[in-house]
Amino acid sequence: MKRLKRVLALTLAAVMLFTLGGCKKKTPEEVLEAATKKMSKVKSADISGNIKMKMSSTSSTSSSLEMNMGLKMKATDMTSEDMKMDMDLTMGIAGQDMVIKAYYADGYYYMNYSGQKQKQKMDFTAMQKQMESSTGQFDMSVDNYKDLKMEKKDDNYIISFKFKEKALNDYINKMMGQMNSTGAAGSSTNYADQVKFDSMSGTMTVNKDSEITAQKINMVVSSKEDTKLKIKMIVDVKYNSIGKDVKVTLPDDLDTYKEVPATTAAPSTTTAQ
């Protein structure tokens, strides 16, 4: 009888071990790391998003400037030099609307702004950086995040986070370098010396297949040179299709685009060329 009790106890312990092991809750770090690996291998995507920015000054002559940018982008073969991309950017600044259409194919970046059609030779690596900037993407390495929290909603994980200081500096240099038409790669300009982060946080939605389906970043930045100047920015991006069949539509007249000299940086889509 004692031997039977021992066997039953061991059996019960084994069952509990495997049951609890199978139901072990995932940590936000584990979910984020799995999503990073999965997204780095994605070959095609259909992305839409919106970037809202408000620049305000509390000086004696208080003023503010708002900018809204809508984004639609489709890309295929994103991990190879055969990548193709078409992107629509709709920008509203100071009551004026602008539409920019951009494409990438055969090693060239094409842009149509107000009927001005230009193309620029651009290698695959530079184009990837341009796409990251346009969609407000952040380096997803787990080491760049802090204060990670996670909740389960249906089949999705909702992760909230903040960014570490070094990661913030890298991010602002990337974003400001692209928004500034003179921000060339390798430039000695350190935008992190010019701005201070009052706050920067975000949320990320990860589905059961470890795919990121949405990201939202909120930031408030102040100028170190003009302490009365403040910028609020919200980057809201949705990944409508990840790794699925995505069709990129290129215009028939790309051969009529005027070629301009290549630079060391990707051309900014937030400034007229």
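Heavy atoms only: backbone and side chains are in, while hydrogens, waters and symmetry mates are out.
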Student: Determine yes or no for a side-chain-to-main-chain donor-acceptor pair under 3.5 angstrom, with E66 supplying the side chain and M53 the backbone.
Tutor: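 Flag not set: sc E66 to bb M53 has no pair under 3.5 Å.
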Student: Report the C-alpha separation of L148 and E29 in whole Å, then their side-chain angles, then the decisive distance to 0.1 Å, and conclude whether the side chain to side chain contact (heavy atoms under 4.5 Å, CB included) test is met.
Tutor: CA-CA 7 Å; L148 286 168; E29 289 82 4; 3.7 Å; yes
Student: Begin from the C-alpha positions of L250 and K84 and carry the test side chain to side chain contact (heavy atoms under 4.5 Å, CB included) through to its verdict.
Tutor: CA-CA 9 Å; L250 301 174; K84 289 182 172 55; 4.1 Å; yes
Student: Apply the test side chain to side chain contact (heavy atoms under 4.5 Å, CB included) to residues D209 and K38: give CA-CA distance (whole Å), side-chain angles for both, the deciding distance (0.1 Å), then the verdict.
Tutor: CA-CA 9 Å; D209 297 319; K38 183 69 176 285; 4.0 Å; yes
Student: Salt bridge or not for D46 and K72, using N-O below 4.0 Å?
Tutor: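 Not counted as a salt bridge, because no side-chain N and carboxylate O are separated by less than 4.0 Å.
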Student: If you group Ile, Leu, Val, Met, Phe, Trp and Tyr by side-chain heavy-atom gaps below 4.5 Å, do V221 and M55 land in one group?
Tutor: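 Yes: a chain of side-chain contacts under 4.5 Å links V221 to M55.
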Student: Would L89 and M111 show up in the same hydrophobic cluster when neighbours are defined by side-chain heavy atoms closer than 4.5 Å?
Tutor: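 In one cluster: yes.
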Student: Is there a chain of hydrophobic side chains (I, L, V, M, F, W, Y, each step under 4.5 Å between heavy atoms) that links M73 to V246?
Tutor: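 Different clusters: M73 never reaches V246 through Ile, Leu, Val, Met, Phe, Trp or Tyr contacts under 4.5 Å.
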Student: Around atom NZ of K162, are there more than 12 heavy atoms from other residues, nucleotides or ligands closer than 6.0 Å?
Tutor: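 At most 12 heavy atoms, drawn from other residues, nucleotides or ligands, come within 6.0 Å of this atom.
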Student: Does any non-hydrogen side-chain atom of V220 lie less than 4.5 Å from one of K230?
Tutor: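 Yes, side chains in contact.
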Student: Apply side chain to side chain contact (heavy atoms under 4.5 Å, CB included) to the pair Y239 and Q215, showing each step before the final yes or no.
Tutor: CA-CA 9 Å; Y239 301 84; Q215 272 196 99; 3.4 Å; yes
Student: Is there a donor-acceptor pair closer than 3.5 Å between any side-chain N or O of E33 and the backbone N or O of E30?
Tutor: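 The answer is no, because no donor-acceptor pair under 3.5 Å joins these two groups.
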Student: Report yes or no: is the cationic atom of K146 (NZ for Lys, CZ for Arg) closer than 6.0 Å to the six-membered ring centre of F161, at no more than 45° off its axis?
Tutor: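 The answer is no, since K146 fails at least one limit relative to F161.
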Student: Could you give the distance from OG1 (T79) to NZ (K41), rounded to the nearest 0.5 Å?
Tutor: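 The NZ atom of K41 is 11.0 Å from OG1 of T79, to the nearest 0.5 Å.
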Student: Under a 3.5 Å distance rule, please check whether D86 uses its side chain to pair with a backbone N or O of T249 as donor and acceptor.
Tutor: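 Such a contact is found between D86 side chain and T249 backbone.
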Student: Any chance the side chains of S48 and N240 put a donor and an acceptor closer than 3.5 Å?
Tutor: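 A donor-acceptor contact under 3.5 Å links the two side chains.
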Student: Any chance you could measure L71, atom CG, to N50, atom CG, to the nearest 0.5 Å?
Tutor: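 The CG atom of L71 sits 9.0 Å away from the CG atom of N50.
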Student: Would a distance-only check, ignoring hydrogens and angles, find a side-chain to backbone donor-acceptor pair under 3.5 Å from D154 to N156?
Tutor: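 Side chain of D154 to backbone of N156, a donor-acceptor pair under 3.5 Å: no, none is there.
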Student: Does the side chain of Y108 pick up a donor-acceptor pair with the side chain of E259 at under 3.5 Å?
Tutor: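 Yes, E259 and Y108 have a side-chain donor paired with an acceptor closer than 3.5 Å.
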Student: To the nearest 0.5 angstrom, please state how far the CG atom of N112 sits from the NZ atom of K119.
Tutor: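 Answer rounded to 0.5 Å: 14.0 Å.
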Student: Nearest 0.5 Å please: distance from the CE atom of M233 over to the CE atom of M219.
Tutor: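 Result: 5.5 Å between the selected atoms.
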Student: Taking M87 as the starting point, is it possible to reach I51 by hopping between hydrophobic residues whose side chains are less than 4.5 Å apart?
Tutor: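 As far as the 4.5 Å side-chain criterion goes, M87 and I51 are connected within one cluster.
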Student: Would you say the side chain of N68 lies within less than 4.5 Å of the side chain of M91, judging by non-hydrogen atoms?
Tutor: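 Not in contact.
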Student: Measure the OG1-CD1 distance between T203 and I159 for me, rounded to the nearest 0.5 Å.
Tutor: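 So the OG1 of T203 and the CD1 of I159 are separated by 10.0 Å.
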Student: With hydrophobic residues grouped by side-chain heavy-atom distances under 4.5 Å, do M78 and Y110 end up in a single group?
Tutor: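 No, M78 does not connect to Y110 through the hydrophobic network.
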Student: Looking at every heavy atom in both Y157 and K26, which two are closest together, and how far apart are they?
Tutor: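 The pair with the smallest heavy-atom distance is OH-CD, 3.6 Å.
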Student: Kindly compute the distance separating CD1 (I212) from CE (M204), expressed to the nearest 0.5 Å.
Tutor: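 Interatomic distance, I212 CD1 to M204 CE, rounded to 0.5 Å: 4.5 Å.
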Student: Quick one, I234 and K216 - any side-chain contact, counting heavy atoms below 4.5 Å?
Tutor: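 The answer is yes; the side chains approach within 4.5 Å.
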Student: Please, which pairs that meet side-chain hydrogen bond (donor to acceptor under 3.5 Å, both in side chains) have at least one residue in residues 90-107, sequence neighbours excluded?
Tutor: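 Residue pairs passing side-chain hydrogen bond (donor to acceptor under 3.5 Å, both in side chains), neighbours aside: D88-K101.
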Student: With distance as the sole test, does D77 use its side chain to make a donor-acceptor pair with the main-chain N or O of S80 at under 3.5 Å?
Tutor: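 Side chain of D77 to backbone of S80, a donor-acceptor pair under 3.5 Å: no, none is there.
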